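Here is the structure we will look at.
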Amino acid sequence: MSEQHTSPHRARVNGAFLHQYHGKPVCLLGTIIRADGGGTSFQVKASDGNQINVRLRSPISEPLSGLVEVYGIGQGKNLVVAESFTSFPDTLGNNFEMNTYNEAVKLLHSVEGSHNPWIPTS
Amino acid sequence: MWGSADASFGGGGGGGFLTSQGYDSPQTGDKQSKGRRSQNIMPATCKQLLDCTEETFKVEGMEAHVVTLVGLVRAVETSTTKISMHIEDQTGTIECVNYVGTDGDTSSEPTMLAEGTYGRVVGALRSMKNQKYVIIFKSAPVTDLNEVTCHILEVIQTRMKLKKLKESDAQKPAIGGTDNSFSNSMLAGGLGPTGTGDAGGGNAGGAGNIAGFTANQNLVHRIICSAREESGMHKDQIIAAVKNKVNQKELMEILDFLSNEGHVFSTVDDDHFKSTDSQYM
């Protein structure tokens, strides 16, 4: 097999769960509210409606809109320092049911660890 | 487009894994037992596969030869002999490979997925030199992001459901024999000509008589409770089970009554019913 790719086990969060993962890897899905600061940060509306700031390690030049999924480290209750992110085209995001997703995120945080392969155990 | 893929694998979305085989013990006299090869597709996370220490991947004791992952495609490498994709689903990253060109059949080649997009892979877990990878049977881009939500829920639901099945099987060793067969045969055994169904299959469904129901309403309710399949029980099965006791017109009234009172609900179509009181939820 070729080189091993590894990635941290990230917790899928909404705005409300973010503060539980201070300093830990998280994955946050939301819609872009606005980009600012010369491409080094943007703001997203998380699945539960909370406004979350995303700070990027390196500035981006392309304009962002619509749905994004941010992978990074949680900082406090409304900041994620992003390592990377994925921007979804409108064709994928237009009929995305944000409320359903938010309920799924809430559910996966309510299931105890041994039956829940999504949440990091530590 | 993924819908058609589901159909070809014989599993309707998430639940298909339960319909193909009884739970984790050898079956006798069952048409589906030949070969012992499980037909189920288990929704999984990368971490579950990477953490798997045994030869076959198991969830709550149930073997899964075919798994499905939904995640970000991180790196795609193609060579003359194989296609390799790294799938990351936030719990970890696993390599998914497909060896191409061995039989000169290009139709079996997997759909190439673009890096940085979400994709779904159906395949089998293998390991080489302690490194886990997935042989791709099928890969497809995720064209509707709700599929990601769905996969998240399926993984949790599968695990909890299997745990519940395991627990209920452990609690009822006496009826273990009939439990492996499908609800049809359970009914045939449990609800004999007497029709009262007080023993056997009736109780296996986990629902006793409900006060305020007529005898026939209780009978139908118990029958629906005993359905173990994901999609519940088809109307025709219910009709067959209550034959000679309840005529069709009355059965329809009873089904309407049970639906209106919230005891049963229709599932995949208007003719399949499942009980809200069933222990096999």
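By convention in this document, chain letters (A, B, ...) are assigned in the order of the sequence lines, proteins followed by strands, and residues within each chain are numbered from 1. Quantities reported herein were computed from a predicted structural model and do not represent experimental measurements.
Taking 4.5 Å as the limit, some side-chain heavy atom of B:Val148 sits within range of a side-chain heavy atom of A:Arg12. For the pair B:Asp144 and A:Leu92, the minimum side-chain heavy-atom distance is 4.5 Å or more. Taking the side chain as every heavy atom from C-beta outward, A:Phe88 and B:Thr117 never approach each other to under 4.5 Å.
Going from atom SG of A:Cys27 over to atom CG of B:Leu72 covers 8.0 Å, rounded to the nearest 0.5 Å.
For A:Pro8, the part lying under 4.5 angstrom from a heavy atom of chain B is the backbone only. Both the backbone and the side chain of B:Leu145 come within contact range of chain A, with heavy atoms under 4.5 Å apart. Contacts between A:Ser84 and chain B at a heavy-atom distance below 4.5 Å involve the side chain alone, from C-beta outward. Both the backbone and the side chain of B:Asp89 come within less than 4.5 Å of a heavy atom of chain A. Contacts between A:Tyr101 and chain B at a heavy-atom distance below 4.5 Å involve backbone atoms as well as side-chain atoms. When heavy atoms are compared at a cutoff of 4.5 Å, A:Thr100 approaches chain B by way of both its backbone and its side chain.
Most heavy-atom pairs under 4.5 Å with chain B: of the set A:Leu107, A:Asn95, A:Leu108, this distinction falls to A:Asn95.
Taking every heavy atom of both residues into account, A:Ser7 and B:Gly92 meet most closely at OG-C, 3.3 Å. Pairing each heavy atom of A:Thr86 with each of B:Gly116, the nearest pair is CG2-O, 3.4 Å.
No hydrogens or angles considered: a donor-acceptor pair under 3.5 Å links the side chains of B:Tyr118 and A:Glu69.
Although no hydrogens or angles enter the test, the distance criterion places a donor-acceptor pair under 3.5 Å between the side chain of B:Asn146 and the main chain of A:Glu97. A:Trp118 places no side-chain N or O within donor-acceptor distance of the main-chain N or O of B:Thr91, the cut-off being under 3.5 Å.
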